[in-house]
Amino acid sequence: MNSFHYQDGQLFCEQLPVAEIARQEGTPFYLYSHETLVRHYQAFDEAFGDFDHQICYSVKACSNLSVISLFASLGGGCDVVSGGELFRALRAGVEGGKIVFSGVGKTVAEINAALDAGILMFNVESSQELDLINELAEKRSMVAPVSVRINPDVDPQTHPYISTGLSANKFGIPISEAVSLYQRAANLPNIKVVGVDCHIGSQLTKVSPFRDALDRVKSLIEELRRLKIDIHYLDIGGGLGITYDAERPPLPAEYAQAVMGVVNDLGCGLIMEPGRALVGNAGILVSRVLYTKVGVTKNFVIVDAGMNDLVRPSLYNAYQKIVPVREFTGKEIDQKTVDVVGPICESGDFLAQERLLPPLISGDLLAVMSSGAYGFTMSSNYNSRLRVPEIMVIGKQYQVIRRRETFDDLVAGEIMVDWRPKVERS
Ligand SMILES: *Cc1c(COP(=O)(O)O)cnc(C)c1O
């Protein structure tokens, strides 16, 4: 469910015509629905009912401060994977005690910042990282809370770039080595083992891989307890998929039932790190048609947003639905197969290929649906294009939550060397 719908012949976000925002703010821009964000968060939260749980929103899906702080206002914490994301979470008002820190390459500076913030736990991904956290915690006379990220070697049946729980992936500790690492962790003076973590991939559309992974993790927790290593938290990661096209991912309630079915008698608090499921279908990318071009073998619709603004189609060959902002009805819907492409100097710069769309003309607005997750956060300045604004609709109003960049922003960090020859004075 989301809050983008046609009304009076045009696309609305909540109670506001998308075209109205385009008129005032120009294009392209990302548009998020406040109502959808709240509804998705609550659906996820309510699915786990009274079961002891904490949602730690995966910041990398959509990192805007207003999005993070909205979830924080609903009780959410954060899953961060860099010092920058930790900074954002803290800036957005998330309590340190609700932040988990994941990622295979945490640096000294990042670990120190997380220790200072008093985070809930580090999700440790290697034996060397564990030693470094111990050493840095000792220097601060602290005890660092950790869980170990387990790689359960299950196939999440998703795109290879976003599967993380296979033995061939760089993530986590092989489950076969987990017990010995936990035993070592339990004996390190400045480490406190608090949990077990497992995140197997993204855009999962079945519950079975989650269940398989959790079965393995559950056996591990039981074994650790026999060894007197107590586990308080089970972090089940993120990864629940959304509908981009015709996928039928489990509803949060089905996912929650499956999870609780496996872990119910373990007595662990659950931590979950959803990203895409909360924000994916709460956002769109709005772009304007610049030109239409009839090619020899293909027809192109050239729009003002490109792969630098939304890279998923180019990077993962991902399908994202595209709809016109003015509604086409009746005879007008004489659909043609087109490629929707951006202005970037790369043939990989497309938002859609071989897509049936009504006859668009220059000036028409298009909405790329399901762009809330891994949309703006993966955008870049490639081709020296300005990063676009992020806007949130709240009922009948909208709020710019990140302004459009300016040319000055583009070069703000650069230093221009003075190459003119120095004049020798005698
Ligand atoms: C990316 C990521 C998530 C979120 O994944 P989604 O598929 O967006 O839910 C959660 N945990 C970790 C460790 C991640 O890297």
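Counting convention: from 1, in listed order, for ligands and their atoms alike. It should be emphasised that the depicted structure is a prediction, and the values quoted were computed from it without experimental measurement.
At the top of the distance list for atom 11 (N) of ligand 1, counting protein heavy atoms only, stands E273 OE1, 2.5 Å. Atom 4 (C) of ligand 1 has S58 OG, 3.3 Å as its closest protein atom, hydrogens excluded (heavy atom only). With hydrogens left out, the protein atom closest to atom 7 (O) of ligand 1 is S202 OG, 2.3 Å, a heavy atom. The shortest contact between atom 8 (O) of ligand 1 and any protein heavy atom is with Y374 OH, 2.6 Å.
Taking a cut-off of under 4.0 Å to the non-hydrogen atoms of R276, the atoms of ligand 1 that pass are 6 (P), 8 (O), 9 (O). Set against the non-hydrogen atoms of G275, the atoms of ligand 1 under 4.0 Å away are 6 (P), 8 (O), 9 (O). Using a 4.0 Å cut-off to heavy atoms of K60, the atoms of ligand 1 that qualify are 1 (C), 2 (C), 3 (C), 14 (C), 15 (O). Residue S102 has at least one heavy-atom neighbour below 4.0 Å for each of these atoms of ligand 1: 13 (C).
Taking distance alone, with nitrogen or oxygen atoms compared against 3.5 Å, D79 approaches ligand 1 more closely than that limit.
Ring to ring, F71 and Y41 are close: their centroids are under 6.0 angstrom apart. No close placement of the Y6 and F12 rings is indicated, their centers lying 6.0 Å or farther apart.
A cation-pi arrangement is present between R312 and Y244 under the rule of less than 6.0 angstrom and at most 45 degrees off the ring axis. In this structure, K106 forms no cation-pi arrangement with F122, as its terminal cationic atom is not both closer than 6.0 Å to the ring centre and no more than 45° off the ring axis.
Nearest approach of C198 to A213, heavy atoms of both residues: SG-CB, 4.0 Å.
Looking at K98 and D79, no side-chain N of the basic residue comes within less than 4.0 Å of a carboxylate O on the acidic one, giving no salt bridge.
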